[in-house]
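The next block holds one structure in the form of structure tokens; read it before the comments.
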There are 2 protein chains.
Amino acid sequence: MSAEARHQRLYAELRGRICLLDYPPGTKLGEEALAAEFGVSRTPVRRVLARLSDEGLVEARHGVGTLVTDVDARELGQVYALREELAQLSGTMTPRPVTDAVLSELRTLIAEGAKLADLPDARAFARLNMAYFSFTQRLIGNDALAEVSERLYFRTARIWLQAIAELDLDREIAAFREEMRQVADALRSGDMPAVGMIRRAHISMSFHRLKAALPAG
Amino acid sequence: MSAEARHQRLYAELRGRICLLDYPPGTKLGEEALAAEFGVSRTPVRRVLARLSDEGLVEARHGVGTLVTDVDARELGQVYALREELAQLSGTMTPRPVTDAVLSELRTLIAEGAKLADLPDARAFARLNMAYFSFTQRLIGNDALAEVSERLYFRTARIWLQAIAELDLDREIAAFREEMRQVADALRSGDMPAVGMIRRAHISMSFHRLKAALPAG
DNA sequence: CGAACCCAAGTTGTGTACATCGTGGCGGCA
DNA sequence: TGCCGCCACGATGTACACAACTTGGGTTCG
């Protein structure tokens, strides 16, 4: 395997573990331990940790360790506020055409949502939410906007998951399914601005519910 | 000096050289050469190049070298389109209060602009433009928005500089001074949304002039 | 004469030993 | 007994040697 491909795999794996709370905030990611697990030396591991550090998911402290960062309420609010605006923009800025394959993929996600509602599970919810996010990313025609949106999503995803675990999981899943249904309706009529507005509305409502679970209220 | 501070200095230095066209697109940045120049080993240099690579300013090819990237017309248009939207947002999303120190700083920049008009120079123009951009960044109250804006600005700054060197430099400087004067007016009345709109308008007009200098366009 | 092959030089990627730094615990002293 | 300082340990940061890879030129064979 090429070095670049290895890097991407390692990066995706660690980012996934962080955002799925396999590594909750405060966890120490030992370079030696990770190197041993993935069968490489510290060097490529450090390359990945440096990237995660630049993106704010971890923080390397000399002599201490590389720790998964936490996100304070202020930063969380700022990221969500910006994500709202960007979700709306994704509906108006040169969206990609809606194909049958796109609608089919969303139907599959909605079906997964139905199964999730029958058997609620926080981790499975988080995975499906990421898959849905990945789906919405493919509707964006502006690559720069997609890149920025992804960066912001993964920046706070773990905090969102942490909070909903303490909230009403059923309610969150219901709201998520409702968003997918509404987006599907808008997509069928090819109304991308409406898709953006719907997503913005749900990000806003999700954040309002999320604030209730934060320590500072 | 701490490792983190060294990293930041090296990063800022190399990013500056790339964006001021000391290293035009296609330039090979040899790790060994940079290490020798800055009196360190390849390791910290590689750490900085990795970050620049993640941000799309350079591209490392195994067995070839680390090359300064170019930006095609499509990507340039997408970045400018997003920068327009973000500039407008920066005026409406929780802007910072306008202090006397802020107005004073802008007056200084405007004075520098007057000197530049007397003695036009592409490189000095680029430096002043960066200083003005840095100034506008400090008006943004949303840290996430500021971070994203900075990333996008530096992503295309070198292409902009490359293009205006082939355009009418006097005209570009005049447009730049006009933007600063208009922003100063809006700031004096505390109208931040107007500041955002003015900046958006000038980004749009700048891009339209810039397109004339592109190969495809 | 041309084309295919090979190889040598130069570059980035990796592994590893060592330097540097922060922390917690242990021991001595008041 | 409590507190202060020292130090050993483990972590990240750095330097360097080597592996892997691309490229270009020289050489040889058809």
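The sequence lines fix the lettering, A, B, ..., with proteins before strands; numbering per chain opens at 1.
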Would you mind reading off the distance between [X] atom [atom1] and [N] atom [atom2], rounded to a whole angstrom?
X: B:L67; N: D:dC21; atom1: CG; atom2: C1'; value: 14 Å
X: A:E31; N: C:dG15; atom1: CD; atom2: C1'; value: 14 Å
X: A:F38; N: C:dT14; atom1: CZ; atom2: P; value: 14 Å
X: A:L29; N: D:dG10; atom1: CG; atom2: P; value: 19 Å
X: A:E4; N: C:dT11; atom1: CD; atom2: P; value: 21 Å
X: B:R46; N: D:dA15; atom1: CZ; atom2: P; value: 14 Å
X: B:R47; N: D:dT12; atom1: CZ; atom2: P; value: 14 Å
X: B:L49; N: C:dT12; atom1: CG; atom2: P; value: 8 Å

Looking at C:dG13, does its base get a donor-acceptor pair with the side chain of A:T43 below 3.5 Å?
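Checked by distance alone, the answer is no.
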Of all of residues 59-66 of chain B, which get a heavy atom below 4.0 angstrom from DNA chain C, listed by number?
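Of all residues in residues 59-66 of chain B, the ones placing a heavy atom under 4.0 Å from DNA chain C are B:A60, B:R61, B:H62, B:G63, B:V64, B:G65, B:T66.
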Look at the side-chain N and O atoms of B:R6 and state whether any lies under 4.0 Å from the OP1 or OP2 oxygen of D:dT14.
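Looking at the OP1 and OP2 atoms of D:dT14, one of them is under 4.0 Å from a side-chain N or O of B:R6.
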Below the 4.0 Å mark, does D:dA15 have OP1 or OP2 next to a side-chain nitrogen or oxygen of B:S41?
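B:S41 to D:dA15 OP1/OP2: side-chain N or O found under 4.0 Å.
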Counting side-chain heavy atoms from C-beta on, which of C:dG13, C:dC18, D:dA15 comes nearest to B:R42?
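The answer is C:dG13, which lies nearest to the side chain.
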Could you please name the option among D:dT14, C:dT14, D:dA11 that lies closest to any side-chain atom of A:P44?
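The answer is C:dT14.
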Take A:G39 and B:E32, find for each the nucleotide of DNA chain C with the closest heavy atom, and name the residue whose nucleotide sits nearer the 5' end.
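With A:G39 and B:E32 compared, the 5'-side residue is B:E32.
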By the ring-ring contact (aromatic ring centres under 6.0 Å, His included) test, which pairs, at least two apart or in different chains, include something from residues 74-108 of chain B?
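Counting only pairs at least two positions apart or across chains, the ring-ring contact (aromatic ring centres under 6.0 Å, His included) contacts touching residues 74-108 of chain B are B:Y80-B:F207.
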Using a 3.5 Å distance criterion without hydrogens, assess whether the side chain of A:S204 forms a donor-acceptor pair with backbone atoms of A:R200.
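It does not hold such a pair.
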Backbone N or O of B:T69 within a donor-acceptor pair of the B:R158 side chain at under 3.5 Å?
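Checking the backbone N and O of B:T69 against the side chain of B:R158, a donor-acceptor pair under 3.5 Å is found.
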Over 12 foreign heavy atoms within 6.0 Å of [atom1], [X]:
X: B:R138; atom1: CZ; answer: yes
X: A:R127; atom1: CZ; answer: no
X: B:E32; atom1: CD; answer: no

Using 30° and 60° as the class boundaries, would you call the ring planes of A:F125 and A:F176 parallel, tilted or perpendicular?
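Plane angle between 30° and 60°, so tilted.
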